[in-house]
Each structure stands twice: as C-alpha cells, then as structure tokens.
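Each chain gets a letter, A, B and so on, in the order its sequence line appears, and its residues count up from 1.
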Amino acid sequence: MSGVNPDQSKYPDSSSNFIEKMIDLDLESGVDDGKVQLRFPPEPNGFLHIGHAKAICLNFGLAQKYQGRCNLRFDDTNPSREEQRYVDSIQEDIRWLGFEWDELCFASDYFGQLYDWATQLIRQGDAYVCDLTGDEVKEYRGTLTEVGRNSPHRDRSVEENLDLFMRMKAGEFSDGEKTLRARINMESPHIIMRDPVMYRIQRSTHHRTGDDWCIYPTYDWAHGQEDAIEGVTHSLCSLEFNNNRPLYEWFLDKIGLESVPRQTEFARLNIEYTVLSKRKLRTLVEDGHVEDWDDPRLPTLAGLRRRGYPPEVIRAFMKNIGVAKFNSTIELAILENALRDHLNRTAIRRMAVLDPLKLVIENLSEGEGKMVEAVNNPEDPSAGTRSIPFEREVWVDRDDFRMEPPRKWRRLAPDAEVRLRYGYCVKVKEVIEDPESGQVQELRCVYDPETARGQTPDGRKVRGIIHWVPASCAVELPVRLYSPLFIEPDPDNPPEGKEFTDFLNPESLVETKALCEPILKEANPGERFQLERVGYFVADQKLSSSGSPHLARIVPLKDSWAKQEKRQAGV
RNA sequence: UACCCGGUGGUGUAAUUGGCAACACAACUGGUUUUGGUCCAGUCAUUCGAGGUUCGAGUCCUCGCCGGGUAGCCA
C-alpha cells in the first residue's frame, strides 16, 4: 500500500470497529502468519458511487492501518454487462480518492484455474452438468418454506460429467442449454446450498478475454477462489452476501486449500436525499433526469468530484460514520458537515451578489473611490489579502434589504445602518421604488468615512455586515445552484404506487448569474472558494475555461438566521 | 412460514470485554466575531421487552417483540 497522508480532520480516530477487532484477534492468534491482505472487488459494469467509497476506504484503510496489502480486482465474470470504460473510470475514481492498489487483478485472469478446479469437483462427485432450463431449475429449487427436488441429471457418472463439461467449454451447446452445478443438498434450509450453478453458457464477447470462453463462472463459484488465489485473508462484502457465506466456505473446503480467506459482511452505506443503487443511478442517467454519470447532483464519485468535493472530505466522512452490521441511513447533514469543515479551513473567500440591488452612496463622488483591504481566508492568514475598490455605486443582495424588517433584522432597511464587508458603514436614506410595480430599484445611502477597517470611532455597534461588489468593475458570471436531487429523505423506499423518480427535486439545478468581484474572473477550473455569506462554490471543470469560469454551488453556508426567521414566522 | 443477520439518544458509531453509557452530527440556550459563517460554553438516552445468573449486566443465559436479507444461469 503506497502512502497516503493521514487525513487532517477534527474527527478523532474513531475507536475500532468490529472488523478491526477481528483482525486484532487474528493477529494475536497468529493466523495467516500475521499477514493482512484485502481487496476491493468491483464489477466493471457502472460508475463508482459514494457507497463504493465506503468499501474502498475500509479495505484500503485497513491495509494502511495494519501495513497489509490491498488489491484492486475486477470481478469480470459477466461479459454481457461489463465494459472497458468502466474498468478505466473505476481506476480513476479510486486514485482520485487517494488510494493505490498493490496489485491490479482480474477475475478473468483466473478462468483457467477456475475451470481446472471445476473439473476437480466433478471428479470428486461434487459437481455435475445439468440440462434443466432456467425455469426448471427454479421449479426444482423449491421455495423458502418447501425443500427442493433433485435434478434428474444429478447422478450422471464422473466420466459423462467430465465429457459434457468439456463440450460445454468447447461450445457444443447453445446458450443456457446446460449448466455446471455444485452437488450439495436440494433439501438444505439454506436455499443457496440447493445445488447452485457454477457455470453458465453465455456467448458474449468479454472485454478482456474476447471470445476465448463461452462458459462463465458465477459469482459464488468465482469469488472465494479469486480471494484464495490472491492470498486474501479478510474478504469484506456487504450484508446481503451473508447468505452466501456457507457456499463460499463449501467451495474452498472442497478444493482443499490449506489457507483460506474468511468472509465478513458489513452494512453498506445509505444517505438521505439520494439513491445509491446502480440500477437507480442508471435510470436517472438514461432517462435524462440528470446530464450524465458525472452530473454534480449524483452521488457518483465522478459527480462528487465535479461538484467540488475534495477527496479528503469523503475520507473524513467515512471515518466519521464508522462501520457496523446494522443497516442504517446517514443524515445528509453529516456529509455536509464534513464538507463545510474542510472548505472552511481551505477555501479562499470572495464576494459576489446573486440577486443584485443597486446601492448608491450619495456622499461619495464618482471619482472618489478608495481601496479597501479584504482578508482572503480568516482561518488561514497565509492566504493573504486583496484590495477591492469601494465606490459610489455598489451592488448588494436584494435579500439583504427589507422594506419592513422583521424582529431582530440586522441588515438593510429604511434608515438602518450596516457595514459593507471590509468597507465602510452605510445608512439608508431613501428607497427608490418603481412607480408601477412597486419593486425596490435602488437604495440611496450615506457612508461614514470614519468607519474604515471595522472601526466605529464613537463606539456605536453596527451589528449588520453584508457583502457587496463595486458596480464599475463587477464581473457577471454564470452560476449553477445545486440542491439535493430528491425532496424526500428516503426516495429508495417509495410508498405503494409511487416510484423513486416521483420524488425528484425540480429545483435540484437552478441556473442563474452573479455579479462578482473582478478577481473571480481569474478563477481556474476546479478552483473552490467561499462566496461570503452565501456558500462554497467551484469553477465547474466542464463548463469553465480559463478566463471564463462557470460557478457552481458545492454547498450553502449554514444559515441560522433563515432558521430563526422561519421559526418566528411559524409561531 | 424455512434459514441467516441485526436492535444503544432525533441520527450514526463507542463503551477498558461483567464495573459511573462516550464521541460526532442534529436540535435548543448563551458567549465571541468586520461572514446571522467559524469558534467557545451549556442542555438533550438508565441501552427493544420480560425473566434469569451476579455484589454488579448495554455486555452472559432463556423466552418473546421488532427490523433487514435469501427462492438470478446478476454481483
């Protein structure tokens, strides 16, 4: 495992989870000669999402912690749904997350070994070729409460099985005509043990082995053996595979390897206001609910990357939520907290106005502007400062003015005084409205020249501080405001008669423009910053070019005033 | 109804392996602050239920209750 710096985060190293305790015990008892070998085994049939990131951080993280090793293994046993482009994107995403595998492996590299082991099982009388169709297999299998019946082909001789299996491989039979099945027990209370299929005939070109094979191993027959070949000691997978564990162990036992991997299941990740299943993500992409697999509203790693999530945030998040065997759903707030925590420390501050309202400072003449100094990041003095022209006409946010201010309002209102951030205090003298619509058009103010650099010489308190941009040199930039993709916290489990797509948020993407301080024009694609009092933004990688950034909101700032106002209104 | 896995505050994880239920997030109070951001302080659970073992149980035992998973030639 090549080095990845420990994450800087305020989260304490979460106390050890049940998997680490298990490994500690294994190490104590000296199994596997003290080796810890893990693997992340994606099927290359889609893009990685934040749920996969949990497994990635777990496996690679364990390898780091125990100075073990972790492979990336593509579980490419079903060529009909797998593609090279997924192999590529998965590697890119893992590296982006900050991990590097010890070995790059493919299940398809083991097809020969798997075939040989299958013939071994046939010779041992532990596998047989079955002619039943898919529907018949299902019928013979029985149900949850009824036992199954033996296949009529279950007692073929070893010679006949060997011959048939060889001819399956040679392509003498059509797709689905025959299968190789493990000979276990059709009356087992574990349905998985009722003579599971090991090989099916499937003529589709494999992205790596081409047309070399027309029979492909099933997951159950392949996975434990892949682990064994790679010397995996701890094979971690999600909860639903718990049912498969007896079979995982049965195959390994029948092959007779001396040191075998052990499977341990953990709960996969669920997060509020999103979906985390490949099928549903595919639906969102293919039905055009989002732009593509890297749409910034998607929980795919490509989407999160474009959204502006630094990889450290995802790692800190995973460390924070822990690992257990209980199926749970993480509040979106936890993810957003990890995000804000990181961005607060690292993001450069800038000012921009999303809904502009002109503010004219009457006692400051046209050519009389002065430069004010603005701090780039109060959390990081080394980020330095910049100068902004403070001049007669500036833009402020319409949302920061109220004709009739509510209780505890600290912003602009008739006759109210506020400070323009980094600049001077201004007092509203006159509100100019459009005579027809009644809409506020302009605020006429006076400023107090004695109030530079946060000072108020007479000691008066000016509580309100608002952001602004100078009108003469403001730059208009396109902006995308993202919100959660769903309006329901649990779109995964829609009520009767509804589909998860019924809960899509129509305002998950709002396109608008912002008037920005001049320096923002130089933002490079991928650069992140905080628009003060508004939120964290990124110059979108795809939409921006040098000199013309396209801003996109990563996450809004916390807004305790909005919360309070809402509460006031509710009372 | 067969088999497997689970159940600790609003949420997610801890608990020196039988010894004062901790941390984070959220919520609510208050303080600091040139971002109603950040930061700081405080408040918020006797662990699904009932028995049992024990000086002592979230932890061990028994019986319930509740939740999840499994009947692909997907993984």
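- The local environment of CD in A/Glu187 is sparse, with at most 12 non-hydrogen atoms from other residues, nucleotides or ligands closer than 6.0 Å.
- Residue A/Asn344 has its side chain nearest to B/U38 when only B/C25, B/U38, B/U8 are considered.
- Comparing the C1' positions of B/C20 and B/C55 gives a spacing of 16 Å, expressed to the nearest Å.
- Between the side chains of A/Gln530 and A/Glu532, no donor-acceptor pair of N or O atoms lies under 3.5 Å.
- Of the candidate nucleotides B/U33, B/U35, B/G36, B/G36 has the atom lying nearest to any side-chain atom of A/Ser560.
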Just by protein heavy atoms under 4.0 Å, how would nucleotides 68-75 of chain B read 5' to 3' in B, S and -?
SBBBSBBB
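- Contact of the A/Leu335 side chain with the A/Ile50 side chain is registered, since non-hydrogen atoms from C-beta on lie closer than 4.5 Å.
- On a pure distance criterion of 3.5 Å, no polar donor-acceptor pair joins the side chain of A/Arg533 and the base of B/G36.
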For RNA chain B, what dot-bracket results from Watson-Crick or G-U pairs at under 3.5 Å, with [ ] for crossers and | for inter-strand partners?
.((((((..((((.....[..)))).(((((.......)))))....(((((..]....))))))))))).....
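- A donor and an acceptor atom, one from each side chain of A/Arg200 and A/Thr218, are nowhere located under 3.5 Å apart.
- Counting atom types as modelled, A/Glu565 pairs no side-chain N or O with a base atom of B/G36 as donor and acceptor under 3.5 Å.
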Could you go through A/Phe241 and A/Tyr248, starting from their C-alpha distance and side-chain angles, then the distance that decides it, and tell me whether this counts as ring-ring contact (aromatic ring centres under 6.0 Å, His included)?
CA-CA 10 Å; A/Phe241 289 100; A/Tyr248 181 100; 9.8 Å; no
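- For A/Phe326 and B/G6, the ring-to-base geometry does not satisfy the stacking test (centroid distance below 5.5 Å, interplanar angle below 30°).
- Separation of the P atoms belonging to B/G10 and B/A27 is 15 Å when rounded to the nearest angstrom.
- Nearest nucleotide to the A/Lys408 side chain, out of B/G36, B/U35, B/C4: B/G36.
- The gap from the C1' atom of B/C61 to that of B/C25 amounts to 36 Å, rounded to the nearest Å.
- A residue-by-residue look at A/His190 and A/Lys54 shows that A/His190 has its nearest nucleotide of RNA chain B further toward the 5' end.
- The OG atom of A/Ser328 sits 8.0 Å away from atom CG of A/Leu269, with the distance rounded to the nearest 0.5 Å.
- By the rule that a glycosidic angle within 90° of 0 means syn, B/G72 counts as syn.
- Atom P of B/C60 sits at a distance of 23 Å from the matching atom of B/U11, rounded to the whole Å.
- For B/U8, the O4'-C1' to base torsion is more than 90° from 0; the nucleotide is therefore anti.
- Side-chain contact check for A/Asp397 and A/His467: at least one donor-acceptor pair (N or O, by modelled atom type) lies under 3.5 Å.
- Between the CD atom of A/Glu331 and the C1' atom of B/A24 there is a distance of 11 Å, rounded to whole Å.
- Distances were taken from every side-chain heavy atom of A/Lys563 (C-beta onward) to each of B/G12, B/A27, B/U1; the shortest belongs to B/A27.
- We find the CG-CZ distance between A/Leu132 and A/Arg154 to be 12.5 Å, quoted to the nearest 0.5 Å.
- Taking the six-membered ring for Trp, A/Phe251 and A/Trp117 have ring centres at least 6.0 Å apart.
- Between B/U1 and B/A24, the distance separating the two P atoms is 45 Å to the nearest Å.
- Across B/U29, B/C3, B/G36, the shortest atom-to-atom separation from the side chain of A/Pro189 is found for B/C3.
- For a distance-only test at 3.5 Å, the side chain of A/Glu272 fails to qualify as a donor-acceptor partner of the base of B/U11.
- When the C1' atom is used for both B/A45 and B/G12, the distance is 15 Å, rounded to whole Å.
- Taking every side-chain heavy atom of A/Lys558 into account, B/A26 is the closest of B/U35, B/A26, B/G36.
- B/C5 and B/G9 have their P atoms separated by 23 Å, with the value rounded to a whole Å.
- Checking A/Tyr86, A/Phe40, A/Phe106 one by one against A/Phe74, the ring-ring contact (aromatic ring centres under 6.0 Å, His included) holds for a single residue, A/Phe106.
- With no hydrogens or angles considered, no side-chain donor-acceptor pair links A/Asp195 and A/Tyr140 at under 3.5 Å.
- Between the P atoms of B/U62 and B/G6, the separation comes to 15 Å (whole Å).
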